[in-house]
Number of protein chains: 4
Amino acid sequence: MSVNKVILVGRLGRDPEVRYMPNGEAVANFSIATDEQWKDRDGNRQTRTEWHNITLYRKLGEIAGQYLRKGGLVYIEGRIQSRKYTGKDGVERTAYEIIGNEMKMLGSKSDNAGGGNYQEPQGGDYGQSQSYNAPAPAAAPPAAPRRQENRPAPAPVDDIDDDIPF
Amino acid sequence: MSVNKVILVGRLGRDPEVRYMPNGEAVANFSIATDEQWKDRDGNRQTRTEWHNITLYRKLGEIAGQYLRKGGLVYIEGRIQSRKYTGKDGVERTAYEIIGNEMKMLGSKSDNAGGGNYQEPQGGDYGQSQSYNAPAPAAAPPAAPRRQENRPAPAPVDDIDDDIPF
Amino acid sequence: MSVNKVILVGRLGRDPEVRYMPNGEAVANFSIATDEQWKDRDGNRQTRTEWHNITLYRKLGEIAGQYLRKGGLVYIEGRIQSRKYTGKDGVERTAYEIIGNEMKMLGSKSDNAGGGNYQEPQGGDYGQSQSYNAPAPAAAPPAAPRRQENRPAPAPVDDIDDDIPF
Amino acid sequence: MSVNKVILVGRLGRDPEVRYMPNGEAVANFSIATDEQWKDRDGNRQTRTEWHNITLYRKLGEIAGQYLRKGGLVYIEGRIQSRKYTGKDGVERTAYEIIGNEMKMLGSKSDNAGGGNYQEPQGGDYGQSQSYNAPAPAAAPPAAPRRQENRPAPAPVDDIDDDIPF
DNA sequence: TTTT
DNA sequence: TTTT
């Protein structure tokens, strides 16, 4: 009865952060930039960058952690989701994020590499069943950390679900 | 080089508010609900409603004011845009909204009517050139109010761009 | 590395036809109309109707058979797929269809009803894992027909994969 | 009242062909490949390539002719449109194409270059008002050829609207 | 915080 | 006909 769909193509501002929920499922967070350009009334070219906070769960989150890199170009399909939280300053705010259910690495050349000993070093597309997509389980410490092979360990678990959302 | 696209189908929580910028161009604001449903681990059906703040400029804004109504089903295509603002409490927050560039009324029956003496009383689709879409001009009092025929006058101009974004 | 996505909202020209593959999985076929309207150079309003052939597999196909009806408004998300076939006249042609992986019934009122003794008589949304979506298995006779409760039996199995694609 | 939207990201099989209508407006034609990959029941990785015929009118068509190149990665947003035609063999067929209203060059590196003396040698995004998009004017000889600077002249005009659609 |  |  309703549709909530977002399609983004943009570049990562940083490498993804991958954390694990108590049940061992991965949660990857990163943000991507999209730019819009237009000419103002004086004919001057203007640019505006929008940063989108992306959250990928489970298998997609793991793949993001393995293959996506700062500066890489990525296609994300998902939905908009808001979340209320209270900051360190005691102020309630609303955070918005994109919960992705589809992710495809674009830009075949240098960016988003990752290589390592994986079979898909360059590009690929990955889907996730919408039906598995329970809304925004809060990130939490991993039962079994499952360290990534070719990148640093995820942030310490006590950093998770801190007061700043992204 | 990047894509920022949102596609929503949902119902309006209230009638649109239409205001006018100094140059006489319309700005319509309203929010629409999308629902997602899933089963939790106990097999219980869960529902979550997300409210999306929509902004339509110019011709699209005028058409929204004329035809869209609380409860009506609408298709919106646009882009995500954030905006920083400082609330009455002096706290800075970020508001997110969807700047629509396409709008189509769905739900042929009672909702979204409007009828009046227009030729398209029921449904219709309306596009807007992306190139006309300068990013988020701040809403402002109308140079020439151009009252809507079949709905109440827009909110008093001194309400516009107040501290609460939506 | 690539994206092939179609989003349609339109009305069914006929009730869906549901057939079954040898393994018992459902395949629903129907077409939906989309209209575009524009003004020609003389200012006359023109309309053009495009008919889209939709194919839904498995669970989505079953749900379509149960709930979608001629005239009903439906949201379909999927991908474009072509298929070569040779007609009765011995001529090879290419058929295009939309393989849907998401379907949502819109238009809450009379259309698309179905009612019966199902829990979701009016609207609802249904997803399908992309990963289950093997490309276009040919439709075939059912191993176990599983008659639909509130609609006529599917077309005789020897009609399936005939020379005319839709 | 309806939506007909296609979003594609894929690579061009050849350089675009640009022709001109009698009124001097450009029409660019090219096809792009999208791939889907899945594992069959034996766990073997399968690939299927779909070729999409793209048509871009006016400004978008000119930009495509200037910047898009064989092998380049491109984002296309548009609508599905069918067209009946009779081939040399006297057989009537239906051709499907995507009429694009948005085009963005992706893949910043080598592909899609074009450089020349233009200001946007690498990537960029270009929109087109939906409202200008009259359905499929037939391609025709140019009133004023307007030769492209950095590519060969368009196909001879008597090749246009021949019996084979793409 | 990305990229051109 | 592209690409990895």
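Residue numbers start from 1 in every chain, and the chains themselves are labelled A, B, ... in the order their sequence lines are given, proteins ahead of strands.
- Atom P of nucleotide F:dT3 and atom CD of D:Glu36 are separated by 20 Å, given to the nearest angstrom.
- Between the P atom of E:dT1 and the CZ atom of A:Arg69 lies a distance of 20 Å, rounded to the nearest Å.
- Residues A:Thr34 and B:Val3 share a closest heavy-atom pair of CG2-O, 3.3 Å.
- Following rounding to the nearest Å, D:Tyr75 (OH) and F:dT2 (C1') show an atom-to-atom distance of 20 Å.
- In this structure, the nucleotide among E:dT1, F:dT3, E:dT2 sitting nearest to the side chain of D:Asp35 is F:dT3.
- In this structure, D:Leu68 places its CG atom 20 Å from P of F:dT1, rounding to the nearest Å.
- Here the P atom of nucleotide E:dT2 and the CZ atom of A:Phe30 are 16 Å apart, to the nearest Å.
- Regarding A:Leu106, its CG atom lies at a distance of 14 Å from the C1' atom of E:dT3, rounded to whole Å.
- Among E:dT3, F:dT1, F:dT2, the nucleotide with an atom closest to any side-chain atom of A:Arg11 is E:dT3.
- Every side-chain hydrogen bond (donor to acceptor under 3.5 Å, both in side chains) that A:Thr49 has, sequence neighbours left out, goes to A:Asp35.
- Whole-Å rounding puts the A:Asp15 CG to E:dT2 C1' distance at 12 Å.
- Under the salt bridge (Lys or Arg N to Asp or Glu O under 4.0 Å) criterion, C:Glu77 pairs with A:Lys5, C:Lys5, not counting sequence neighbours.
- Distance D:Ile32 CD1 to F:dT1 C1': 12 Å, rounded to the nearest Å.
- One donor-acceptor pair, N or O on each side, does fall under 3.5 Å between the base of E:dT2 and the side chain of A:Thr49.
- D:Arg83 contributes no side-chain N or O that, together with a main-chain N or O of D:Glu97, makes up a donor-acceptor pair within less than 3.5 Å.
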